[in-house]
Chemist: 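This is the structure, below, for whatever I ask next.
In listed order, ligands and their atoms are each counted from 1.
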Amino acid sequence: MRIVLIGFGNLGRGLSRAFIQKAGFLRETHGLVPRVVAAVDEFGAAVDEKGLNLAGLLNAAENKGTVAACEGGKRGKTALDIIENVEADVVYELTPTNIKTGEPGLTHIKRAMLAGKHVITSNKGPLVVAFRELDSLAKKCGVEFRYSASVGGAVPLIGLARKLLAGNEIREIRGVLNGTTNYILTRMSTEGAPFEIVLREAQELRIAEKDPTLDIRGIDTACKITILANSILGMNAKLSDVRVTGIDRISPEAIRLAKEAGQTIKLIGIARRGSLEVGPKLVPLGHPLAVSGTLNAVTFELDLAREISIAGFGAGPKETSSSLLGDLIDIHRTLGG
Ligand SMILES: NC(=O)c1ccc[n+]([C@@H]2O[C@H](COP(=O)([O-])OP(=O)(O)OC[C@H]3O[C@@H](n4cnc5c(N)ncnc54)[C@H](OP(=O)(O)O)[C@@H]3O)[C@@H](O)[C@H]2O)c1
């Protein structure tokens, strides 16, 4: 498989490390030999149609600030140059999320599909802005489109629901989908500390971003619920269809009262046909959604299996490479490999 990496930050690097570490496993177990023929960041690109040296690529990005500094690198080359001019089978779109325009990821994904390349992305922006359009374009262009890593990081939510639970009607999806807010709520609960203090400490530990608005106001969770509603429930939902309440008004007193009643407060996203919602909810202690720290968890409510819950790491370059690699193996199998 000839691969192009658009974006070489946390995930591009994590995936490259996984390609190095798991080369033998991928070849022996899956008959898959991934060959990264190009990598692009904001400064330029590295291209080698015989396959880039991934250790050299990582070294250039980590020590010289861009993939363009490695052998075969060119400053100023853009993602669109590469997508259109380098022969490849799969494009990984791993650039930053923009939930207003979906760019630059949206254009990268469309151009890759139009150029006949399969696409794997972790980027929520294009999926929130144009899910149906991208889904149709992939079909029209005859290419595969996967986005497991965009919701739940390492937790295989979309594959579980669409493949293994395919015999069920999925009545509701309910989940803790944002590690930052779950970390804050967990510490408020264990230490009785106020929201502002825990948020500040989470920022110092880099668990919360400098501008945490999208997380604490529930918007990141709303994006993920929109993607799950569209990809699993077959809806045509927009971000504006989600009723959203954040966690910034939760007091230590509310958390204490919940605890006394054997409950905990979690930021929960809920998708059912006709109703999408994000907000703080009471969850019984011991319930599969009562996960702590930065973990994510989701419960599917089903007609046959009743309830199935799954939990795991919702972010992190190594953890998320599980989903990114899983999507590649899935495409390889779909194509008969
Ligand atoms: N990190 C996680 O655990 C995680 C988990 C799930 C989903 N995601 C999502 O996955 C995506 C990637 O995450 P990340 O943590 O790897 O982000 P990141 O560390 O910020 O890396 C983004 C990369 O994209 C590059 N880039 C930005 N604009 C570009 C453009 N126009 N053309 C080419 N490259 C461009 C950046 O280049 P420079 O370095 O030169 O600026 C950087 O290499 C995001 O959408 C994120 O929300 C992340």
Chemist: Answer yes or no: does atom CZ of Arg217 have more than 12 heavy-atom neighbours from other residues, nucleotides or ligands under 6.0 Å?
Modeler: no

Chemist: Taking only residues two or more places apart in sequence or in another chain, which ones pass side-chain contact (heavy atoms from CB on, under 4.5 Å) with Arg17?
Modeler: Arg13, Gln21, Leu58, Glu62

Chemist: Using the test side-chain contact (heavy atoms from CB on, under 4.5 Å), find all partners of Thr78 that sit at least two apart in sequence or belong to another chain.
Modeler: Leu80, Asp81

Chemist: Need the list: ligand 1 N/O atoms against protein N/O atoms, distance under 3.5 Å, rounded to one decimal.
Modeler:
| residue | atom | partner | partner atom | Å |
| --- | --- | --- | --- | --- |
| ligand 1 | 3 (O) | Gly316 | N | 2.7 |
| ligand 1 | 10 (O) | Ser122 | OG | 2.7 |
| ligand 1 | 15 (O) | Asn10 | ND2 | 3.1 |
| ligand 1 | 16 (O) | Asn10 | N | 3.1 |
| ligand 1 | 16 (O) | Leu11 | N | 2.8 |
| ligand 1 | 19 (O) | Asn10 | N | 3.0 |
| ligand 1 | 19 (O) | Asn10 | ND2 | 3.2 |
| ligand 1 | 37 (O) | Glu42 | N | 3.2 |
| ligand 1 | 40 (O) | Glu42 | N | 3.0 |
| ligand 1 | 41 (O) | Glu42 | OE1 | 2.7 |
| ligand 1 | 43 (O) | Phe8 | N | 2.9 |
| ligand 1 | 43 (O) | Gly9 | N | 3.1 |
| ligand 1 | 45 (O) | Thr95 | O | 2.7 |
| ligand 1 | 45 (O) | Thr97 | N | 3.2 |
| ligand 1 | 45 (O) | Thr97 | OG1 | 2.7 |
| ligand 1 | 47 (O) | Thr97 | OG1 | 2.9 |

Chemist: Mind jotting down which residue pairs meet the salt bridge (charged side-chain N to carboxylate O under 4.0 Å, His left out) criterion with at least one end in residues 94-121? Sequence neighbours excluded, please.
Modeler: Glu84-Arg111, Lys110-Glu133

Chemist: Classify the side-chain pair Thr299/Ser309 by whether it contains a donor and acceptor separated by less than 3.5 Å.
Modeler: yes

Chemist: Assess whether atom CD of Glu169 is packed by more than 12 heavy atoms of other residues, nucleotides or ligands within 6.0 Å.
Modeler: yes

